[in-house]
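The structure under discussion appears below in the form of C-alpha cells.
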2 protein chains.
Amino acid sequence: MGVTIKDIAAKAGVSTCTVSRVLNGRGKKVSADTKLRVLRAAEQLDYRPNIIARSLVQRRTWQIGLVIPSLQQPVMSQIIEGVHVAAQELGYSIVSCATCADKKREAEYLDDLHTRGVDGLVWLPPNLANLKVAQSLAASVPIIQGFRKIAGLDAPYVILDNTKGGFKATMHLIKLGHRKIAHLRAVGEEGEERYQGYKQALKQAQLPIEQELIIPTGFGWAFGYKSALRMHSRGLLSGPDPVTACFACGDMTAWGAIQAFRSLGLRVPDDMAVVGFDGLPISDEMEIPLTTIAQPGIEIGRLIVRYLHQIIEGEGEGVNSLTLDPKLIVRSSCGADKAYLEDKLTRLSIKGGQEE
Amino acid sequence: MGVTIKDIAAKAGVSTCTVSRVLNGRGKKVSADTKLRVLRAAEQLDYRPNIIARSLVQRRTWQIGLVIPSLQQPVMSQIIEGVHVAAQELGYSIVSCATCADKKREAEYLDDLHTRGVDGLVWLPPNLANLKVAQSLAASVPIIQGFRKIAGLDAPYVILDNTKGGFKATMHLIKLGHRKIAHLRAVGEEGEERYQGYKQALKQAQLPIEQELIIPTGFGWAFGYKSALRMHSRGLLSGPDPVTACFACGDMTAWGAIQAFRSLGLRVPDDMAVVGFDGLPISDEMEIPLTTIAQPGIEIGRLIVRYLHQIIEGEGEGVNSLTLDPKLIVRSSCGADKAYLEDKLTRLSIKGGQEE
DNA sequence: TTGAAAGCGCTAACAA
DNA sequence: TTGTTAGCGCTTTCAA
C-alpha cells in the first residue's frame, strides 16, 4: 500500500541501504549527488517512513507512556500539557493512560505500556496499589514520577515542595501582621506537608500553634465553605481576639471559604485575609484575586520529560530527583496589594463584553 | 533481551507458528495437549508479545490518535476521559497530542500520527488551519470529529446540539413564568448556536426578542461578572419592568454573573433566575447549585471511540454523525427546585470537614 | 493438527 | 561511497 524505501531505491537507482542512510543516517557518508536523487525520489513518491518497522529493528519506539490518575484536576492538566510540549520538542509521542484512580485499570495500563515497548514512562500520582508491578516495570523501562512520589518505588521524581509552600503562605500572612492564623487542613500527603509548612512558619515566628485554629477539611469549594461556617459556629471569627487570616490547603477550598466569610458579613481581605494553594488560572479571574502558592505545573511536566529523555539516552547519572520551590503569588485576598484589587475591580466594572 | 516465541517454541518442542496460533489465533485448530504445553512454557518464561512486530505484519497498531486543542477546559477533559475509557475497553492505546491551539503544532502532530500508522484518529475541536492536511489524512486513516465539527472535512462527528440546549435552557425559564429573559451571548460557533436556541424558545413562546437583553460576553467567570454589571449600568435590572432571568452561555459565565448580581443586592434565584450551560461538576458544589444544560462529555468520548472502532473494523456503513441531545439539570439557581437549595444549604451548614 | 518458509519495512554489519 | 545480506519478532500462506 504505502511507499517503501524499496520504491525509492528503484526510482533513484540505488540500494535500499543507501536510501536508509540518506533518510536518517546522521553524518554518514553519502555523495551529494546520490543524496539528492534519493531525496527527490522520496519527495516525488510522497514517502513516509514506517515507524513500526524502524522501531522493530532499533528497539526504540520513541513513545513515552503517561499514566494519569485524573484528568479533572487543573494542576494535573498543566503537568500533562507540559509533558506533551516537551515530548514533542524531543520527538516523542505520548501514549496516555487515564486510570481514573482505578487500581485494576492502572495495572492493565502498566502492563500494556510494558508490552508496547515504550521508551520511558511518566507516572503521575499513582494509586499506590501496584508497587510490585511498578518495581518490575522500573527494572526494564526508565520511569519518572511526577507531582507526587510513591514510597518504595526507586525511580526519580519531580515534585513540588509542599512544605515550603505552606511555609511561604503562612509567613506571608505573618509578615502582614496577622497573629491569629487558621489553617484549613486537608488529609493526605500534600495536605499534611502543607500543614507542616504552616507549623514551621508559626514556630519560626514564635507564634503558638493552636489546635482549634486547624480546621480539618478537603480539596474543593464545598469543603472550604463548610470549614468557614464551622469556624464561625465555633466562635473563632468574633470576640476580642478573632481569627484574622486563613491559609487554605487549596485554591478551591480558599474560594469556598471566602464566599462563606463574605456571606457571614466579613470583608476579605479587610476582616479576613486568605491565602490559597495551587495557582489555578481561575484564581486571578474572580472578584477578589486570590493570593496563592503557585504550582508550576507546566514546568514540572517539561522537567519530567527532559529527565526521562536523559535517562533513555543513557545519561541517567546526571538525573536526580527534584523538589521544586513553589512561588508565592501576591494578589489581593490578603490585603498586601491593594492596588491590584482596585485595578481589578476597575477593570471588571468598566469593561464589558468581548466587543470592547 | 526479551523472551520471544522462538524461546517458547524451543521449550515446548513445537514450531513458532504453533506458538503464534496458540497465543492469538482465535479458534484455530490446535490440539489441547500442545496448547497446554505452549501456554505453560509462555508462562514459565514470563513471555510478553512484541506488539511492534505484530503491528508490522498485521498492519494494525491498535493505537488511536487523539488530537486535543486544550487540556484546561473541563468539558474537554471529560470527553478525553471518555475516549480513554472506551479505548481501553476495546483494546486500543491512545496516542495523545496537545496542540495548545497552535496550528503548527497541530500540523506536526497530524503528520506524526499518520507516520506512526495509528488505526484511527479522534479529532477534537480543531484549529481549522490544516484542512488540507486533514483531508489527505482522512483519505488514509479513519477520523471522527468530536465536540465540534470542521466545516469542509468529510468525517463523521459526535457533537452536542447546542441550539437545542439553548432552547431548553430558555424554555425552562419561560415555563417558570419569566418574560424578560436576558442572554449572555458568547461569540463563536457554540455561542452562536446557543443564542439561536434562545431565540427559538422566545419565538415559540411568542415573546419578543429584545436586542438590549442580549449581552455580548465570553466564556469565563470574569465575562459573566462584567456582563451582569453592564446590565445594571444599563438599567436593565431595575425599574418597572426589570429583567428577572438570565441564560448564560456557559457555567463559569453564569457564576460570574451570579456573583455580580448578588453584590448588586439581587437575590438569586428570587430576584434573578440564572441558567448556565456545560454541567461542570463544580456547578453543583457552589453555594447556589446551578441549573444548567449538561454536556455529556464522557458519553461523547465513549461514542466517538465506539464509532471509530466500527469504522476501523470495516463496519463504517453503520456509522452516522451524531448530534446529541443535551439534558437540562434543574437545581436551584432558577427557583424551580427550592427543596434542592434548602437541602444543599443544610448540608453545607451542618457538615464540617472530612472527619465526619 | 502441525511445520517450513516467506516476508512485513527497516537498519546495520560487513564487503566491495 | 555504495551494495549485499542478515536479521528485528511476529504472522500467515501453503504444504505435509
Side-chain angles (χ1 to χ4, degrees), chain A residues 1-42 45-63 91 112 114-119 140, chain B residues 1-42 45-63 91 112 114-119 140:
Chain A
M1 204 172 78
V3 177
T4 74
I5 53 169
K6 244 180 181 168
D7 303 315
I8 299 180
K11 185 161 181 116
V14 296
S15 72
T16 60
C17 155
T18 302
V19 176
S20 174
R21 265 196 283 261
V22 172
L23 260 28
N24 60 39
R26 14 171 164 272
K28 280 182 188 155
K29 308 115 198 172
V30 182
S31 78
D33 177 52
T34 37
K35 190 168 179 174
L36 197 72
R37 285 214 315 280
V38 169
L39 253 23
R40 185 167 298 154
L45 262 27
D46 192 24
Y47 168 77
R48 332 182 62 93
N50 182 323
I51 297 202
I52 307 289
R54 179 184 297 175
S55 294
L56 183 60
V57 47
Q58 289 191 154
R59 288 141 183 297
R60 180 151 186 189
T61 57
W62 286 97
Q63 292 200 134
D112 181 60
H114 192 176
T115 301
R116 276 222 129 82
V118 292
D119 295 340
S140 53
Chain B
M1 204 173 76
V3 178
T4 74
I5 53 169
K6 242 181 182 168
D7 302 316
I8 299 180
K11 184 161 181 120
V14 296
S15 74
T16 59
C17 155
T18 303
V19 175
S20 174
R21 265 197 282 261
V22 172
L23 260 28
N24 60 41
R26 13 173 165 269
K28 281 186 188 151
K29 310 117 199 172
V30 182
S31 78
D33 177 53
T34 36
K35 191 168 181 175
L36 197 73
R37 285 215 315 282
V38 168
L39 253 22
R40 185 166 298 155
L45 260 28
D46 191 26
Y47 169 77
R48 333 181 62 93
N50 182 321
I51 298 202
I52 306 290
R54 178 184 298 175
S55 295
L56 183 59
V57 47
Q58 290 192 154
R59 285 140 186 297
R60 179 151 187 190
T61 56
W62 287 98
Q63 291 200 136
D112 183 59
H114 192 177
T115 301
R116 275 223 129 81
V118 291
D119 296 338
S140 54

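Chain letters run A, B, ... following the sequence lines, proteins first, then strands; residues in each count from 1. The structure displayed is predicted, hence computed values, not measured ones.
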Check your understanding: Using a cut-off of less than 4.0 Å, is there contact between a side-chain N or O of B/Asn24 and OP1 or OP2 of D/dT11?
Key -> yes
**Study point:** Shortest non-hydrogen contact between A/Tyr47 and A/Ile5, atoms and distance
**Key:** OH-CG2, 3.4 Å
Please tabulate, for the side chains in residues 10-18 of chain B, all donor-acceptor contacts under 3.5 angstrom to protein atoms that are two or more places apart in sequence or on a different chain.
from, atom 1, to, atom 2, distance (Å)
B/Lys11, NZ, B/Gln44, OE1, 3.3
B/Ser15, OG, B/Cys17, N, 3.4
B/Ser15, OG, B/Thr18, N, 3.3
B/Ser15, OG, B/Thr18, OG1, 3.2

Study note, to complete from the structure: A/Val30 and A/Arg21 have their tightest heavy-atom pair at CG2-CB, 4.1 Å
Revision key, fill the gap. To the nearest angstrom, the OH-P distance between A/Tyr47 and C/dC10 comes to 3 Å
Review point. Tell me: CG of A/Asn50 to P of C/dT11, nearest whole Å?
Key: 9 Å
Dump the pairs, protein N or O against N or O of nucleotides 2-6 of chain C, anything under 3.5 Å, distances to one decimal.
from, atom 1, to, atom 2, distance (Å)
C/dT2, OP1, B/Ser31, OG, 2.9
C/dT2, OP1, B/Thr34, OG1, 3.0
C/dT2, OP2, B/Ser31, N, 2.8
C/dT2, OP2, B/Thr34, OG1, 2.9
C/dG3, OP2, B/Ser15, N, 3.0
C/dG3, OP2, B/Ser15, OG, 3.3
C/dG3, OP2, B/Thr18, OG1, 2.7
C/dG3, N7, B/Arg21, NH2, 2.8
C/dG3, O6, B/Arg21, NH1, 3.3

Check your understanding: Atom CZ of A/Arg59 and atom C1' of D/dG7: how far apart are they, to the nearest Å?
Key -> 10 Å
Review point. Taking CD1 from B/Ile52 and P from C/dT11, how many angstroms apart are they, rounded to a whole number?
Key: 14 Å
**Study point:** B/Lys6 NZ to D/dC10 P, straight-line distance once rounded to whole Å
**Key:** 10 Å
Check your understanding: How long is the gap from CG on A/Asp112 to CZ on B/Arg48, to the nearest 0.5 Å?
Key -> 9.5 Å
Review point. If you round to the nearest 0.5 Å, how far is CD1 of A/Ile52 from CZ of B/Arg54?
Key: 12.5 Å
Exercise for review: Please check the phosphate of D/dC10 (OP1 and OP2 only) for any side-chain N or O of B/Ser20 closer than 4.0 Å.
Suggested key: no
Review point. Passes side-chain contact (heavy atoms from CB on, under 4.5 Å), B/Ile8 versus B/Leu45? Steps please.
Key: CA-CA 7 Å; B/Ile8 299 180; B/Leu45 260 28; 4.2 Å; yes
Study note, to complete from the structure: Rounded to the nearest 0.5 Å, the OG atom of B/Ser55 sits from the CZ atom of B/Arg116 at a distance of 11.5 Å
Practice item. Please report, rounded to the nearest Å, how far the P atom of D/dT11 is from the CD1 atom of B/Ile8. Key: 10 Å
Review point. Rounded to the nearest 0.5 Å, how far apart are CG of A/Leu39 and CG of A/Leu23?
Key: 6.5 Å
Study note, to complete from the structure: Rounded to 10°, the helix from C/dT1-D/dA16 to C/dA16-D/dT1 deviates from straight, judged by its five-pair end axes, by 40°
Point to revise | Rounded distance (Å) that lies between atom P of C/dA12 and atom CZ of A/Arg54 | key: 10 Å
Point to revise | Among D/dC10, D/dG9, C/dC10, the nucleotide that comes nearest once only the side chain of A/Ile5 is considered | key: C/dC10
Point to revise | A/Arg40 atom CZ, neighbour heavy-atom count above 12 within 6.0 Å | key: no
Check your understanding: Could you give the CG-to-P distance, from A/Asp7 to C/dC10, as a whole number of Å?
Key -> 9 Å
